[in-house]
Amino acid sequence: MKLLLFSDVHGDLDACRELVDRSSEADVVVGAGDFCQMRQNLQAPLDVLSAITTPTVLVPGNAETEDEIAGQLSAIGWPEAHVLHGTGVTIDGQPFFGIGGGIPVTPFGPWSYDFSEEEARRLLADCPDGAVLVSHSPPKNAVDRDSKGQSLGSVAVREAVEATAPLLTVCGHIHGSWGHTATIGPTSVFNAGPDGAIWNLPGADET
């Protein structure tokens, strides 16, 4: 199974159009959150991305909520898109499980869609073994370093990776680690960023 992975387009419509153009290369498209900026103007990037006809998995970032994405998708229509947050979906026999938001709680204030580590543990409780785990926030100490070298990832997400050994963990959120890959046990962890990357399952080859 070939995946097109991205995150953090933050309203960049040119980046969204490029992802639409590339989506035919993949069996599944995965968007790991932050489609807009600070809960504003979510419709425009989703309007562009909704031209994707490949099965698509989305999780909310901290810049938009699960309900906001679902509301926009209901209005514009995008039947191929599955919005996951503490939930999963199986596509062509491969389970995907998603969790969105900023984990742990960010310093950005009330606009940011954030969760505590304990809330994240509850949301991750049903993640099956061997899934593709899509988390807006990276696991602690894996592709989670900001431009100053601080580790800002989630302990709860790392625990879930260690417990369930996903085939792949896809994340975003920490811009300083965009495009970087790490491993936790047998699991590759990829901080996707907005440019989009093709990843082949099983295995860890990305271009």
Side-chain angles (χ1 to χ4, degrees), residues 1-8 26-35 55-70 73 80-106 113-144 151-174 177 180-192 197 199-204 206:
M1 177 179 282
K2 185 176 289 188
L3 309 180
L4 174 61
L5 312 175
F6 75 95
S7 69
D8 301 277
D27 301 304
V28 180
V29 176
V30 176
D34 273 7
F35 304 99
T56 300
V57 172
L58 307 174
V59 301
N62 63 298
E64 66 276 320
T65 70
E66 177 189 16
D67 288 345
E68 287 164 354
I69 295 176
L73 296 191
E80 294 82 9
H82 305 271
V83 182
L84 305 183
H85 182 56
T87 54
V89 65
T90 298
I91 300 172
D92 291 339
Q94 173 59 49
F96 292 77
F97 193 88
I99 182 170
I103 310 163
V105 174
T106 72
Y113 185 54
D114 293 341
F115 297 89
S116 69
E117 298 283 13
E118 193 52 45
E119 289 171 322
R121 288 185 180 98
R122 289 195 290 272
L123 287 163
L124 288 160
D126 292 333
C127 183
D129 293 346
V132 173
L133 175 59
V134 186
S135 172
H136 180 60
S137 297
K140 187 69 175 174
N141 292 319
V143 296
D144 71 335
S151 170
L152 300 175
S154 166
V155 173
V157 173
R158 186 179 183 100
E159 290 170 351
V161 173
E162 292 173 340
T164 66
L167 286 185
L168 172 67
T169 297
V170 187
C171 59
H173 188 44
I174 306 302
S177 290
H180 292 191
T181 306
T183 56
I184 299 175
T187 299
S188 293
V189 184
F190 182 58
N191 188 322
W199 195 290
N200 293 296
L201 289 179
E206 125 261 348

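From a predicted model like this one, the values you see are computed outputs, not experimental measurements.
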Open item on the list: Test side-chain contact (heavy atoms from CB on, under 4.5 Å) on Glu162 and Ile184; report intermediate values, then the result.
Closed with: CA-CA 7 Å; Glu162 292 173 340; Ile184 299 175; 3.7 Å; yes
Task: Verdict with supporting geometry, Leu123 and Phe115, side-chain contact (heavy atoms from CB on, under 4.5 Å) - done: CA-CA 10 Å; Leu123 287 163; Phe115 297 89; 4.1 Å; yes
TODO: Walk me through it: do Tyr113 and His85 pass the test side-chain contact (heavy atoms from CB on, under 4.5 Å)?
DONE: CA-CA 12 Å; Tyr113 185 54; His85 182 56; 3.6 Å; yes
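Contact of the Phe97 side chain with the Val132 side chain is not registered, since no non-hydrogen atoms from C-beta on lie closer than 4.5 Å. Pro60 has its side chain out of reach of Thr65: every pair of non-hydrogen atoms, C-beta onward, lies at least 4.5 Å apart.
Between the CD1 atom of Ile99 and the OG atom of Ser137 there is a distance of 8.0 Å, given to the nearest 0.5 Å. Note: Glu80 CD to Leu58 CG = 11.0 Å, rounded to the nearest 0.5 Å. Atoms CG and CD, on Leu73 and Glu68 in that order, are 12.0 Å from each other to the nearest 0.5 Å. Here the CG atom belonging to Leu152 is positioned 7.5 Å from the NE2 atom belonging to His173, to the nearest 0.5 angstrom. For the atom pair OG (Ser135) and CG (Leu124), the distance works out to 7.0 Å, reported to the nearest 0.5 Å.
The shortest non-hydrogen separation linking Gly98 to Val59 is CA-CG1, 3.7 Å. Among all heavy-atom pairs drawn from Ile174 and Pro138, the shortest one is CG1-CG, 3.7 Å. Contact detail for Pro128 and Pro95: the closest heavy-atom pair is CG-CB, 4.2 Å. Considering all non-hydrogen atoms of both residues, Phe96 and Ile91 come closest at CE1-CB, 4.1 Å. Counting all heavy atoms, side chain and backbone alike, Val143 lies closest to Ala182 at CG1-N, 3.8 Å. Here the closest non-hydrogen pair linking Gly153 and Glu117 is O-OE2, 4.3 Å.
With hydrogens and angles left out, the side-chain atoms of Asp129 and Thr164 include no donor and acceptor closer than 3.5 Å.
Each of Leu168, Thr169, Val189, Leu84 was evaluated against Leu133; a single residue qualifies, Thr169, per the side-chain contact (heavy atoms from CB on, under 4.5 Å) test.
At distances below 3.5 Å, at least one donor-acceptor pair connects side-chain atoms of Ser154 with backbone N or O atoms of Val157. A donor-acceptor distance shorter than 3.5 angstrom exists from the side chain of Glu64 to the backbone of Phe35, with no hydrogens or angles considered. No donor-acceptor pair closer than 3.5 Å links the side chain of His82 to the backbone N or O of Val57. In terms of modelled atom types and a separation under 3.5 Å, the side chain of Asp8 and the main chain of Gly172 share no donor-acceptor contact. At distances below 3.5 Å, at least one donor-acceptor pair connects side-chain atoms of Arg158 with backbone N or O atoms of Lys140.
Sorted pairs that involve residues 86-98 and meet side chain to side chain donor-acceptor pair (under 3.5 Å), not counting sequence neighbours, are lacking altogether.
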In a table with atom names and distances, give each donor-acceptor pair under 3.5 Å that connects a side chain of residues 26-34 to protein atoms at least two apart or in another chain.
from	atom 1	to	atom 2	distance (Å)
Asp27	OD2	Lys2	N	2.7
Asp34	OD1	Asn62	N	3.0
Asp34	OD1	Ala63	N	2.9
Asp34	OD2	His10	NE2	3.3
Asp34	OD2	His136	NE2	3.4

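Aromatic ring orientation, Trp199 versus Phe190: tilted (interplanar angle from 30° to 60°).
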